[in-house]
Amino acid sequence: MLRGRPRRGREAHAAAGGDPAGEADPLDAAQERRVRAVLALGGVPQADLPDGVQQVRLRLLERAADGREAPRDVSAWAAVVASNLAMDWHRAKRRQERLGERLAALRQPAEHPSGEDSSVLSVAVAQGLDELPDAQRQVVVLRFYADLPVRSIAEQLGVPEGTVKSRLHTAVRALRARLHEDEVV
């Protein structure tokens, strides 16, 4: 539990899912889906998503073990941690490798023309996100994909709401220009 006494050793392992008879998972199913989505949209490959989710769980458990209070909004906190993890991963990998993986994952048989249009748009958005500065990419993913309100993003990132709004405005304008330039929309 996040509000109970700090866990050590076996109890922490049980809470992290290591013991089927252990305590409740610190992330509920909806929070885990949101974390997975934020990681995936941040560029983390499908194969690395389970590790990213475990990292978020670990940070939540470490927070409790350190005796710190549970975040006021665990879901928002988990999404921001996931976004930060995705940014770390993004910085560590070369841009061309990631883009190649995404393009391969998005290729589908040409059975459904509407699916092709959707794939083209997905690729264009992914490329546009790749070209954004880290801070802008982070707020776009948190706002539009993790569905966090501006106020929550500002609180979690420790920046003023105006900064979040400014980054969103600049990022959306850049994405829109990229999509028009590529004649996707």
Side-chain angles (χ1 to χ4, degrees), residues 27 30-56 59 75-185:
L27 294 177
Q31 292 164 339
E32 183 175 332
R33 282 191 303 275
R34 179 183 256 186
V35 165
R36 283 179 169 276
V38 169
L39 289 169
L41 290 164
V44 176
Q46 192 74 25
D48 292 340
L49 293 181
D51 289 338
V53 172
Q54 285 302 88
Q55 283 292 322
V56 173
R59 292 191 185 174
S75 186
W77 181 89
V80 170
V81 169
S83 176
N84 288 333
L85 287 170
M87 285 177 53
D88 291 345
W89 184 91
H90 188 73
R91 288 182 188 123
K93 300 292 181 184
R94 289 182 25 228
R95 179 168 278 159
Q96 289 302 323
E97 289 176 37
R98 276 191 335 279
L99 187 57
E101 290 173 5
R102 286 185 189 171
L103 289 173
L106 292 173
R107 285 194 192 115
Q108 297 176 4
E111 298 172 18
H112 306 288
S114 63
E116 257 183 57
D117 293 342
S118 174
S119 291
V120 169
L121 181 60
S122 296
V123 170
V125 170
Q127 288 174 333
L129 283 171
D130 274 349
E131 293 174 0
L132 291 175
D134 291 339
Q136 289 178 11
R137 182 182 329 98
Q138 184 178 33
V139 296
V140 166
V141 169
L142 290 173
R143 178 66 188 105
F144 298 113
Y145 295 101
D147 200 29
L148 293 179
V150 169
R151 176 174 286 169
S152 184
I153 295 169
E155 288 173 4
Q156 296 296 325
L157 295 178
V159 298
E161 285 183 48
T163 300
V164 173
K165 290 176 183 178
S166 172
R167 289 176 184 171
L168 279 171
H169 175 77
T170 304
V172 168
R173 192 171 59 200
L175 285 172
R176 186 176 292 131
R178 166 68 193 250
L179 294 176
H180 285 297
E181 179 181 301
D182 291 348
E183 297 179 359
V184 176
V185 291

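Predicted, not measured: the structure shown is a model, and the values here were computed from it.
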Atom CZ of R173 and atom NE2 of H169: how far apart are they, to the nearest 0.5 Å? 4.0 Å

Provide the full list of side chain to side chain donor-acceptor pair (under 3.5 Å) pairs with a residue in residues 140-151, sequence neighbours left out, each pair given once. R151-E161

The residue among V38, L39, V53 that forms side chain to side chain contact (heavy atoms under 4.5 Å, CB included) with L85 is L39

As an exercise, state the distance from CG of L148 to CD of Q156, rounded to the nearest 0.5 Å. 8.0 Å

Who are the side-chain contact (heavy atoms from CB on, under 4.5 Å) partners of T163, not counting sequence neighbours? V159, P160, R167

Residue pair Q55, D51: steps toward the side-chain contact (heavy atoms from CB on, under 4.5 Å) verdict: CA-CA 6 Å; Q55 283 292 322; D51 289 338; 5.6 Å; no

side-chain contact (heavy atoms from CB on, under 4.5 Å) partners of A47, counting only residues at least two apart: none

Any donor and acceptor pair, going by atom type alone, linking the side chain of T170 with main-chain N or O of S166 inside 3.5 Å? yes

Between L157 and V139, is any pair of side-chain heavy atoms under 4.5 Å apart? yes

Please assess V56 against Q31 for the test side-chain contact (heavy atoms from CB on, under 4.5 Å), listing each intermediate value before the final yes or no. CA-CA 10 Å; V56 173; Q31 292 164 339; over 6 Å; no

Tell me every residue that passes salt bridge (Lys or Arg N to Asp or Glu O under 4.0 Å) with R34, counting only those two or more places apart in sequence or in another chain. none

Which pair of heavy atoms, one from R178 and one from G128, lies closest together, and at what distance? CG-CA, 4.2 Å

Where S83 and L142 come nearest, the two heavy atoms and their spacing: CB-CD2, 3.8 Å

From R36 CZ over to L49 CG, what is the distance, rounded to the nearest 0.5 angstrom? 5.5 Å

With sequence neighbours excluded, residues passing side chain to side chain donor-acceptor pair (under 3.5 Å) with E155: R72

Tell me the closest heavy-atom pair linking R137 and D130, and the distance in Å. NH2-O, 3.8 Å

Apply side-chain contact (heavy atoms from CB on, under 4.5 Å) to L41 and F144, showing your working. CA-CA 10 Å; L41 290 164; F144 298 113; over 6 Å; no

To the nearest 0.5 Å, how far apart are CZ in R33 and CG in L27? 12.0 Å

For L175, the side-chain contact (heavy atoms from CB on, under 4.5 Å) test, sequence neighbours excluded, returns L129, L132, V140

